[in-house]
Amino acid sequence: GESVGLHLPTLSVQEGDNSIINCAYSNSASDYFIWYKQESGKGPQFIIDIRSNMDKRQGQRVTVLLNKTVKHLSLQIAATQPGDSAVYFCAVPHEAGTALIFGKGTTLSVSS
Amino acid sequence: DTEVTQTPKHLVMGMTNKKSLKCEQHMGHRAMYWYKQKAKKPPELMFVYSYEKLSINESVPSRFSPECPNSSLLNLHLHALQPEDSALYLCASSRQDQETQYFGPGTRLLVL
């Protein structure tokens with residue numbers, strides 16, 4: 001069946017460092033990909049998405065890279081801040097198109 | 001404005017109670033979703049409404065009953081729940097199905 005996996009369940013960085021969170025997916029027909037940030041006790045917050053016809057998309061301090069050849073997605077956070085501490089999920093549409101399949105999540109801890 | 005609101009924020013109920021969770025969005029989105037999230041796990045899809053019609057029911061037990069009174073509102077009626085149903089219940093919406101979903105803050109449900 002379809003799957004979305006993350007390479008690391010936890011990531012610890014120092015304030016000011018750049019963070020990279022990785023995700024692998026199995027459905028090569030996926031049309032778009034999304035990164036969410038979830039802080040403790042809150043709902044997932046949309047960070048950035050990317051469509052399958054793009055390789056890179058930049059937002060404010062975040063960049064998403066998509067490598068369709070190896071079915072790999074990454075989220076880069078520049079100059080990581082303590083407020084970036086959260087669980088980060090990648091999400092990919094189900095083969096049927098409507099549902100999202102979430103990765104297991106990477107917990108990012110930022111120390112100052 | 002990408003706001004999805006949910007009420008109540010917290011809910012404690014007994015196994016014989018009937019309660020309802022409410023979700024509202026005013027972004028003109030035509031697809032709305034219910035997800036269930038257990039601690040330290042990713043969200044799992046329960047139901048999808050597209051244009052106020054139920055389009056996906058992910059084999060959810062009948063003690064959960066969704067309702068979409070209009071394009072802005074989504075309810076989840078709860079009856080005879082079990083302690084294992086305790087979780088964070090998340091509502092999301094998207095402009096159309098198969099597009100990026102935006103989540104509400106969730107309702108933290110505890111079944112005693």
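Chain letters run A, B, ... following the sequence lines, proteins first and then strands; every chain starts at 1. Just the heavy atoms: all of them, side chains too, but no hydrogens, waters or symmetry mates, feed the values below.
For the pair P42(B) and F102(A), the tightest heavy-atom approach, listed with the atom from each and the gap, is CB-CB, 3.5 Å. The minimum heavy-atom distance between F89(A) and K41(B), with the atom names listed, is CZ-O, 4.0 Å.
At a heavy-atom separation below 4.5 angstrom, chain B is approached by no residue within residues 10-17 of chain A. Residues of residues 80-90 of chain B that come within less than 4.5 angstrom of chain A, heavy atom to heavy atom, are L88(B), L90(B) in numerical order. Scanning residues 40-48 of chain A against chain B with a 4.5 Å non-hydrogen threshold yields G41(A), K42(A), G43(A), P44(A), F46(A), sorted by number.
In this structure, M54(A) is a member of the same hydrophobic cluster as L66(A), with clusters built from ILVMFWY side-chain heavy atoms closer than 4.5 Å. Cluster annotation: F64(B) and V12(B) are assigned to distinct hydrophobic clusters (Ile/Leu/Val/Met/Phe/Trp/Tyr, side-chain heavy-atom contacts under 4.5 Å, transitive). Hydrophobic clustering, with ILVMFWY side chains joined whenever heavy atoms are under 4.5 angstrom apart, groups I50(A) together with V62(A). L65(A) and L73(A) are members of different hydrophobic clusters when ILVMFWY side chains are connected at heavy-atom separations under 4.5 Å. Linking ILVMFWY residues whenever their side-chain heavy atoms come closer than 4.5 Å, directly or via other members, leaves L78(B) and L110(B) in distinct clusters.
For Q96(B), no part lies near chain A; criterion is any non-hydrogen pair under 4.5 Å. Only the side chain of Y36(A) comes within contact range of chain B, judged by heavy atoms closer than 4.5 Å.
To the nearest 0.5 angstrom, E99(B) atom CD is 10.0 Å from I34(A) atom CD1.
Shown here are the side chain to side chain donor-acceptor pair (under 3.5 Å) partners of T107(A), two or more places apart in sequence or in another chain: there are none.
Using a 4.5 Å heavy-atom threshold, the side chains of L100(A) and Y33(B) count as separate.
Counting heavy atoms of neighbouring residues, nucleotides and ligands inside a 6.0 Å radius, atom CD of E44(B) does not exceed 12 of them. Remark: R95(B) CZ is loosely packed, at most 12 non-hydrogen atoms of other residues, nucleotides or ligands lying under 6.0 Å away.
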